[in-house]
Amino acid sequence: MTTLLEGLNPQQQEAVQHVDGPLLIIAGPGSGKTRVLVHRIAYLVRDLGVRPWRIVAVTFTNKAAREMKERLERLMGPQAHDLTMGTFHATCAMLLRREGDAIGLDRTFTIYDDEDQQDVIKQVMEELEIDPKRYKPQAILATISNAKSQLLTAEEYRLRVQNYFEEVVSRVYQRYQELLDRGNGVDFDDLLLKTYLLFHYHSDVLERWQERYLHVMVDEFQDTNVAQYAIARQLAGKHRNLCVVGDPDQSIYSWRNADIRNILSFQRDFPDAKTVNLAHNYRSSRTILEAASAVIAANTQRIPQHLTTSNPQGTPITVTEAYNEEEEALFILREVMRLAKTQHHSYRDCAVMYRTNAQSRALEEACAREAVPYKLVGGVKFYQRREVKDVLAYLRVISNPGDEVSLARILNVPPRGIGTKTVDQLTFMARARGLSLYATLEGLEQAHPAENLPWTPRSNKALTGFVHLLQGLRQESQRLQVADLVEAVVEQTGMRAHLKADRQDGEERLENIAELKAAAGEFNTLEPKEGLATLLERAALMSDVDKLDEEQQGITLITLHQAKGLEFPVVFIAGMEEGLLPHIRAIRDEDPAQMEEERRLCYVGMTRAKERLYLTHAFRRGFGGRGEPRIASRFLSDLPRQLIEAPTASTPPPVPRRRADLSPLPEPANTTSQKSPLKAGDKVHHPRFGEGIVVRCIPARDDHEVTVAFGNGQGVKRLLLSYAPLTRVQG
DNA sequence: AAAGCGTTTATTTTT
DNA sequence: TAAACGCTTT
C-alpha cells in the first residue's frame with residue numbers, strides 16, 4: 001500500500017496529517033490544494049479508519065466535488081460514495097429534504113432561481129404599490145439576499161432598518177418570504193438560512209448531524225459568506241475538526257456576499273487552529289507566476305505572500321493591442337491555430353477568459369468564421385432558456401402544486417386563452433377564499449354552472465381544461481420515468497405543436513427540450529417521484545462550469561469568475577482595458593475595495609495559465625453604438641518589462657507571422673513602415689465601411705493614424721494603419 | 001388575447 | 001446594443 005504522504009512537500013504533508021482540531025490552509029494558486037484535500041480525506045479513511053460517511057467536504061462547484069470524488073474513488077474504492085461532498089447549496093438542500101419538516105418545510109420544496117425571485121419581488125411590489133421605477137426590484141432583491149446571507153430573517157431585518165429604502169426593503173422582504181413559505185419554495189439564500197435556522201432552533205437535529213460529522217472541510221473558504229461559515233461551525237461544533245482552505249488573494253465573490261473576513265473570524269473563533277501555508281506553485285511557468293505576483297502585489301489590503309516555483313522560466317507573456325474586438329478575437333484564434341500547428345498544443349489546451357459574458361460574442365463569431373471548435377461556459381444558461389424553464393415549471397407544479405410562481409408561469413403557456421385579466425381574477429378569488437391557486441383551480445370543476453363566475457364561459461373552459469391537464473400529468477408522474485414525463489408534458493400541453501409552428505427558432509427550442517429530456521434520462525433508474533425531484537434539484541443547482549468537459553475538443557470560452565479553480569496550458573485574457581478589467585463600476589465608484597477585487601480577478605485569470613499567457617486589449621470596442629477608444633488596463637503597467645515579449649504588430653488579415661524565435665531581438669520597426677503610408681486624397685477600401693477618401697495620414701506613436709471619409713453615410717473615421725484592413729484602390 | 005410597434009434604458013461577475 | 005417595457009392595433 002503506497003503511503004498517502006508520498007510526493008507531497010512538507011507543508012502539504014503537515015496539512016494532511018493535522019487531523020485533530022481546527023486547521024486553516026492558506027493555499028496559493030497551483031499549490032496542490034485539491035491534492036492535499038484528497039489525500040487528507042484518504043488518509044483519514046484509509047490510515048486512520050474514519051468511516052467515509054462521517055466526513056463532509058464542501059466545494060465551490062459541483063464539478064469540483066465530482067472530480068474530488070473521482071480521485072478519491074481511485075484511492076479508496078467505492079466507499080468514496082459514502083462521503084458527503086458538494087456545494088454548500090447542494091449539501092443544505094440535502095439536509096433540508098431530510099430534516100425540513102422540523103421547520104415546516106415539505107420535502108418536495110421548490111428551489112427558486114434568480115428569475116423566479118424577480119417574479120415574486122415584482123408581484124409583491126405591485127401588491128404593496130411600490131413604484132418599480134423608484135426602487136428597482138433588482139436592488140431590493142440584492143438587499144434581501146444580502147440580509148439573508150448574514151442570517152437576518154425578515155423580522156430581524158425589520159428591527160435594523162436605518163433609512164427609508166431599507167424600510168421599503170423590509171416590507172417587501174416580509175411579504176416575499178410569506179409567499180415563498182406558503183408555496184413551499186426556497187430561494188438560494190434560504191437553502192443556507194433555513195439550514196442555519198433548523199440547526200439553531202432544533203438542537204436535537206443539530207446534535208445528530210454534529211455527532212455524525214467527525215470531519216468538516218470547506219474549500220474556497222475566501223468565497224464563503226457569513227451564513228455558510230455559520231453552518232460549517234454548526235456542523236463542526238461537536239468534534240471541532242474544521243478544516244478550511246482558501247486564498248485571500250483569490251477572493252472574487254464579494255458581490256455575492258462572500259465575506260473575506262471569514263478568514264479572520266476563523267482565527268478568532270478557533271484560536272487554537274493550526275495554520276499551514278502552501279506557497280509552492282506546481283502549475284505555472286516562472287514567468288507567469290512572477291507576472292501574476294507583480295500584479296497582485298499592488299494591492300495594499302493584503303498580507304504579502306511569496307510564491308515559489310521550481311518550474312522553468314518558460315515563454316514570455318504576450319501583450320497585444322488589436323484594433324477592435326473582432327480583430328482581438330481573430331488574433332487570439334490565429335494564435336491558437338498557430339500553437340496547434342507548431343507547438344503540439346491541442347484546442348482543448350486553450351482558454352479565452354474575459355470579464356463580461358457579452359465579450360464572448362465576438363469570440364464565438366470568430367470561432368465560427370475560422371472553424372475553430374469551442375466550448376462556451378455560461379452565457380444564456382441552459383436551464384434558464386425560456387422553453388426549458390417552461391417545461392421545468394410544469395414539472396415543478398406536478399411535483400409541488402403549491403409552487404405558484406411556476407403555476408403562474410405556465411397558466412397560459414402555450415397560449416390557451418387565459419389572459420392577464422383572467423389570471424388577476426383567479427388570484428383575487430384564491431385570496432378571497434383563502435385557498436392556493438391550484439386549489440382554487442380544482443374548485444372550479446365542482447362549481448355550479450349557474451354560479452356567477454367573473455369571466456366568460458370560454459375562459460372557464462380554458463381554465464378547467466388546464467386543471468384537467470395538470471391532474472392528468474400529476475397522475476402519470478406517479479408511474480412514468482422522468483424522461484417520459486418530460487415527453488408527456490411537451491406533448492400533452494401542446495408545447496410541441498406550438499413550437500413546431502414557430503418557424504423562427506422553434507426547431508432550436510425543440511432541440512433544447514430534447515436535451516432536457518436526455519438529461520432527465522439520467523434519472524430514469526430512480527423511482528418516478530425521486531427521479532423528478534432529482535432532476536428539479538439538478539436544474540436549480542447545476543452551474544455551467546459543472547458541465548465543462550475537459551475531454552471534448554475545442555477551446556474554452558469562459559468568464560474570469562468561472563475560471564476559478566481551473567487551469568489550462570494556454571490562457572488568453574481578452575479585454576485588458578480600463579472599464580472592462582478593471583470594470584467601469586469599480587472605477588466609477590472609486591471604491592478601493594472593489595478595485596482590489598478587480599485586481600484579484602486579474603490575478604486569478606493569470607494564474608490559470610500553465611505555459612503560455614496572452615493579454616490582449618482593443619483600441620476600440622463596440623459598446624453601444626460605435627466603438628469607443630479604449631485605454632489599456634492599469635494592470636498591464638504592473639507587469640515587469642522583462643517578462644513581456646517585445647510587441648509585434650498583428651494585422652489580420654493577412655497575418656504577418658511573428659518571426660521565429662531565432663532572433664532574440666525582433667526589429668522595432670513594425671509592419672507599418674513597410675507599407676507605404678497613405679496620403680490625403682487616396683482612395684481606399686475597408687471591408688466593412690466600404691470605399692472612402694483619405695483625409696489625412698499622420699504618424700502616431702510608431703504607427704500611422706489615417707483619417708478616412710467613407711461614403712454611404714458611414715462618416716469620417718480615424719483608423720490605425722497597422723490594424724485597419726485598408727486597401728488602396730486605383731482611382 | 002395576442003402580436004406588433006416604438007421607446008426607453010441600462011449596461012458584471014453566479015450558487 | 002439590444003433587451004425589455006409599455007403602448008397600440010388587430
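None of these values were measured; they are calculated from a predicted model. Residue numbering restarts at 1 for every chain, and letters A, B, ... go by the order of the sequence lines.
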Enquirer: When the distance from NZ of A:Lys133 to P of B:dT9 is rounded to whole Å, what number comes out?
Expert: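 Distance, rounded to whole Å: 7 Å.
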Enquirer: Output all residues satisfying salt bridge (charged side-chain N to carboxylate O under 4.0 Å, His left out) with A:Arg97, sequence neighbours left out; order by chain, then residue number.
Expert: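 With sequence neighbours excluded, A:Arg97 shows a salt bridge (charged side-chain N to carboxylate O under 4.0 Å, His left out) to A:Glu537, given in chain and number order.
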Enquirer: Tabulated below should be each protein N or O lying under 3.5 Å from an N or O of nucleotides 13-15 of chain B; please produce it.
Expert:
residue: B:dT13; atom: OP1; partner: A:Asn357; partner atom: N; Å: 2.6
residue: B:dT13; atom: OP1; partner: A:Asn357; partner atom: ND2; Å: 3.0
residue: B:dT13; atom: O2; partner: A:Trp255; partner atom: NE1; Å: 2.9
residue: B:dT13; atom: O2; partner: A:Arg355; partner atom: NH2; Å: 2.7
residue: B:dT13; atom: O2; partner: A:His561; partner atom: NE2; Å: 3.2
residue: B:dT14; atom: OP1; partner: A:Thr559; partner atom: OG1; Å: 3.0
residue: B:dT14; atom: OP1; partner: A:Gln562; partner atom: NE2; Å: 3.2
residue: B:dT14; atom: OP2; partner: A:Asn357; partner atom: ND2; Å: 3.3
residue: B:dT15; atom: OP1; partner: A:Ser543; partner atom: OG; Å: 3.4
residue: B:dT15; atom: O4'; partner: A:Arg256; partner atom: NH1; Å: 3.2
residue: B:dT15; atom: O4'; partner: A:Arg256; partner atom: NH2; Å: 3.4
residue: B:dT15; atom: O2; partner: A:His89; partner atom: NE2; Å: 3.0

Enquirer: Restricting to side-chain hydrogen bond (donor to acceptor under 3.5 Å, both in side chains), what partner residues turn up for A:Thr356, sequence neighbours left out?
Expert: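 Once residues adjacent in sequence are excluded, the partners of A:Thr356 under the side-chain hydrogen bond (donor to acceptor under 3.5 Å, both in side chains) criterion are A:Gln359.
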Enquirer: Need one value for A:Arg361: base, sugar-phosphate or nothing, where a base atom within 4.0 Å counts as base even if backbone is also close, heavy atoms only.
Expert: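 Sugar-phosphate, no base atom in range.
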Enquirer: Using whole Å, what does the distance between atom C1' of nucleotide C:dC5 and atom CD of A:Gln118 come to?
Expert: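 My rounded result for the distance is 14 Å.
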Enquirer: Would you say a side-chain N or O of A:Lys136 is under 4.0 Å from OP1 or OP2 of C:dC5?
Expert: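 No, no such contact exists.
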Enquirer: Tabulated below should be each protein N or O lying under 3.5 Å from an N or O of nucleotides 1-6 of chain B; please produce it.
Expert:
residue: B:dA1; atom: OP1; partner: A:Gly419; partner atom: N; Å: 3.2
residue: B:dA1; atom: OP1; partner: A:Thr422; partner atom: OG1; Å: 3.2
residue: B:dA2; atom: OP2; partner: A:Asn412; partner atom: ND2; Å: 2.7

Enquirer: Can you name the ring pair (Phe, Tyr, Trp, His ring centres under 6.0 Å) partners of A:Tyr253, sequence neighbours left out?
Expert: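 Ring pair (Phe, Tyr, Trp, His ring centres under 6.0 Å) check on A:Tyr253 returns A:Phe60, A:Trp255, A:His561.
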Enquirer: Could you tell me the separation between the CD atom of A:Glu326 and the C1' atom of C:dT1, rounded to a whole number of Å?
Expert: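 Spelled out: CD on A:Glu326 to C1' on C:dT1 is 14 Å.
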Enquirer: Which heavy-atom pair separates A:Leu470 from A:Tyr394 by the least distance, and what is that distance?
Expert: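 What the structure gives for the nearest pair is CD2-CD2, 4.1 Å.
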Enquirer: Can you sort out the partners of A:Tyr196 under ring pair (Phe, Tyr, Trp, His ring centres under 6.0 Å), two or more places apart, ordered by chain and number?
Expert: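 Applying ring pair (Phe, Tyr, Trp, His ring centres under 6.0 Å) to A:Tyr196 gives A:His200.
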Enquirer: Please give, in whole Å, the distance from B:dA10 P to A:Ile584 CD1?
Expert: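 It is 15 Å, rounded to the nearest whole Å.
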Enquirer: For A:His89, which residues count as a ring pair (Phe, Tyr, Trp, His ring centres under 6.0 Å) partner, sequence neighbours excluded?
Expert: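 So A:His89 forms a ring pair (Phe, Tyr, Trp, His ring centres under 6.0 Å) with A:Phe188.
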Enquirer: Please work out if A:Lys122 contacts a base, only the sugar-phosphate, or nothing of the nucleic acid, heavy-atom cut-off 4.0 Å.
Expert: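 Contact class for A:Lys122: sugar-phosphate only.
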Enquirer: Using salt bridge (charged side-chain N to carboxylate O under 4.0 Å, His left out) as the criterion, list what pairs up with A:Arg538, not counting sequence neighbours.
Expert: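 In terms of salt bridge (charged side-chain N to carboxylate O under 4.0 Å, His left out), with neighbours along the sequence ignored, A:Arg538 is linked to A:Glu522.
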Enquirer: Under the rule for salt bridge (charged side-chain N to carboxylate O under 4.0 Å, His left out), what residues qualify as partners of A:Asp190, not counting sequence neighbours?
Expert: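 So A:Asp190 forms a salt bridge (charged side-chain N to carboxylate O under 4.0 Å, His left out) with A:Lys148.
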